[in-house]
Amino acid sequence: MKIIGIGRNYAKHIKELGNKDLGDPVVFLKPDSAILRNNDSFYIPEYTKDVHHEVEIVVKICKVGKDIAPEFAHTYYREMALGIDFTARDLQSKYKKEGLPWTLAKGFNGSAPISNFVPVTEFGNIQNVNFSLKKNGELVQKGNTAEMLYPIDQLVCFVSRYMTLKKGDLIYTGTPEGVGPVQMGDRLQGFIEDKKFMDFEVR
Ligand code: MG
């Protein structure tokens, strides 16, 4: 199973980090060891002083696909979840400056919390779904999938041109603005529309 991360998919988030849209989705990978399930606590690793939360809508690939045509893209995912793409921003900045891969900044243990999955139709059109994150009870991130620069079908097509998608692969579809640091003792709660999907502690 592979975890595919999409960067720079929401305009206001691109702006807050001072990045630019490159004209194609930014794609990175996390290892399966990054997954954190069942609201397990997230432990901040000792090699970073600046872990940021990035709340994202996640889709699960349901069949093998390669070079997927746009009109069939929607048939390759049937379930969605809420996820956090934890990012060691200090490591990422260091590697970005040198033009080096972000792998360690994105793929460390526990960097991919994931909620339970629901059908993609649960909230109507998956490209018009509100999602949000609260830190210690305070709203810190809020987005709507309609704001994606590259909608999910387009992500599925794009990625499948380079990497064969397999059943069970996850796509973290990018984060809206409001990313910020987490600290030991923080409580994170994630929502799709008004339904709570995640509730866990940072240790
Ligand atoms: Mg992200």
Side-chain angles (χ1 to χ4, degrees), residues 1-22 24-37 42 44-45 48 50-61 77 80-96 100-115 126-127 129-135 139-152 154-156 158-159 162-163 169-182 186 188-192 197-198 200 202:
M1 185 266 268
K2 56 187 172 294
I3 303 167
I4 296 151
I6 303 298
R8 307 185 187 181
N9 205 14
Y10 288 84
K12 287 180 194 158
H13 169 63
I14 295 177
K15 226 176 189 176
E16 74 178 343
L17 291 188
N19 290 323
K20 60 177 187 227
D21 174 29
L22 301 175
D24 272 326
V26 174
V27 180
F28 58 91
L29 294 174
K30 290 179 187 255
D32 57 5
S33 49
I35 287 282
L36 206 56
R37 286 193 178 86
F42 168 68
I44 299 177
T48 171
D50 194 24
V51 174
H52 278 201
H53 54 76
E54 296 189 357
V55 69
E56 313 199 352
I57 293 292
V58 178
V59 293
K60 189 196 278 182
I61 298 299
Y77 57 93
M80 65 190 273
L82 196 68
I84 308 276
D85 166 23
F86 274 130
T87 304
R89 198 69 74 200
D90 45 357
L91 296 184
Q92 189 190 33
S93 299
K94 183 174 95 178
Y95 295 133
K96 267 165 82 174
L100 294 169
W102 308 342
T103 309
L104 298 179
K106 287 284 196 183
F108 54 87
N109 286 333
S111 63
I114 187 86
S115 73
I126 193 175
Q127 267 338 131
V129 164
N130 291 299
F131 61 106
S132 59
L133 184 72
K134 285 182 180 176
K135 187 171 85 173
L139 185 69
V140 284
Q141 285 195 268
K142 184 165 81 85
N144 184 295
T145 51
E147 298 159 2
M148 285 183 186
L149 298 177
Y150 304 98
I152 298 167
Q154 214 173 315
L155 297 174
V156 166
F158 182 79
V159 173
Y162 298 83
M163 301 173 211
D169 287 352
L170 301 179
I171 305 180
Y172 281 61
T173 58
T175 197
E177 75 274 19
V179 303
V182 294
D186 282 345
L188 296 179
Q189 294 166 300
F191 300 81
I192 302 179
F197 272 73
M198 308 184 107
F200 67 97
V202 177

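As the structure lists them, so they are numbered: ligands from 1, and atoms in each ligand from 1. Note that the structure is predicted; figures quoted are calculated from it, not measured. FYI, the numbering just counts along the sequence from 1.
Considering just the N/O/S atoms of Glu56, the one nearest the Mg ion (ligand 1) carries the name OE2. Of all N/O/S atoms in Glu54, OE1 sits nearest the Mg ion (ligand 1). Of all N, O or S atoms in Asp85, the one lying closest to the Mg ion (ligand 1) is OD2.
Between the Ser115 side chain and the Ala81 main chain, no donor and acceptor come within less than 3.5 Å of each other.
The closest side-chain donor-acceptor pair between Thr175 and Gln141 falls under 3.5 angstrom.
In this structure, Tyr95 has its ring center no closer than 6.0 Å to that of Trp102.
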Decide ring-ring contact (aromatic ring centres under 6.0 Å, His included) for Phe86 and Phe42; before the verdict, give the C-alpha distance in whole Å, the side-chain angles of both, and the deciding distance to 0.1 Å. CA-CA 10 Å; Phe86 274 130; Phe42 168 68; 4.0 Å; yes
